[in-house]
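Just so it is clear, the model here is predicted, and its values are computed rather than measured. One-based numbering along the sequence shown.
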Amino acid sequence: MIDSIYYIAKGLDITLRLYFITVLFSVPLGLLLALGELSKIGTIKKFVTFYTWIFRGTPLLLQLFFMYYGLPVMGITLSPLGAASITFIINYSAYLCEIFRGSIQGINKGQYEAAKVLGMGYKQTLIRVILPQALRTALPPLSNEAIALIKDTSLVSIIGTAEILRNSKELVTRDFTITPFFICGIFYLVLSTFILLVFKKLEKRMAVSCQ
């Protein structure tokens, strides 16, 4: 049992690396895309709309296959982790774009007018007034995406990446027991619970700071 737990835990390295790389790049990219979608410049707005349509409308697994198996046909070869990271970043940024867009649009128009009366420009209003409030309202849906992301990292097992699900499957095949799947499930539950608690704490802290 200890050996199985240790072997499955070795896959945590890939799982967590993919998770943090995705969060690190998809959050700012999603925010930029949201601002682009709210832009008055038609070309940018159309590009972002097309981007979110493509990456929200097709399966993440298909995008992963295209990135890992499709690009080599065009002469571009990526490592499994590289292909997975790029796929997850572009996919999750499309979803985060819609979350941030909805949160920004949910801010009362009076906030903009009040900031203008105080002499703030558009960028200043956005950074100091709009985004802090939008981020607070975006936290619950962001929490859902963060938990979905940790579960979606299991998809990379399909391209041969040794994360926790793939390691569990190897043990099941080798030892003819399903215990590794239960251990794997516990790993995901622990990770999901930790993420949930982090977001609960963030929501509580931001609620207090806004009082």
Below 3.5 Å, can you tabulate the donor-acceptor pairs from side chains in residues 176-187 to any protein atom, sequence neighbours excluded?
from, atom 1, to, atom 2, distance (Å)
Thr177, OG1, Thr179, N, 3.2
Thr177, OG1, Thr179, OG1, 3.1

Does a side-chain heavy-atom distance below 4.5 Å link [X] with [Y]?
X: Met67; Y: Leu78; value: yes
X: Thr77; Y: Leu71; value: no
X: Val129; Y: Tyr112; value: no

Has the side chain of [X] got a donor or acceptor atom that lies under 3.5 Å from a matching backbone atom of [Y]?
X: Glu163; Y: Arg166; result: yes
X: Ser39; Y: Ile41; result: yes
X: Ser103; Y: Ile99; result: yes
X: Ser143; Y: Leu139; result: no

Let me see the working for Arg174 and Glu170 under salt bridge (charged side-chain N to carboxylate O under 4.0 Å, His left out), right down to the final yes or no. CA-CA 6 Å; Arg174 188 192 70 185; Glu170 284 182 7; over 6 Å; no
Enumerate the residue pairs fulfilling salt bridge (charged side-chain N to carboxylate O under 4.0 Å, His left out) with a member in residues 21-40, sequence neighbours excluded, ordered by first and then second residue. Glu37-Arg101
So the ring-ring contact (aromatic ring centres under 6.0 Å, His included) pairs with at least one residue in residues 41-68 (sequence neighbours excluded) are Phe50-Trp53, Tyr51-Phe55, Phe65-Tyr69
By side chain to side chain donor-acceptor pair (under 3.5 Å), Ser79 pairs with (sequence neighbours left out) none
Determine all donor-acceptor pairs shorter than 3.5 Å in which one atom belongs to a side chain in residues 147-156; sequence neighbours excluded.
from, atom 1, to, atom 2, distance (Å)
Asp152, OD2, Tyr92, OH, 2.6
Thr153, OG1, Ile150, O, 2.6
Ser154, OG, Lys151, O, 2.7

Output a table of donor-acceptor pairs, distance under 3.5 Å, between side-chain atoms of residues 17-26 and any protein atom two or more places apart or on a different chain; print 'none' if there are none.
from, atom 1, to, atom 2, distance (Å)
Arg17, NH1, Asp13, OD2, 3.2
Tyr19, OH, Ala146, O, 3.2
Thr22, OG1, Leu18, O, 2.7
Ser26, OG, Thr22, O, 2.5

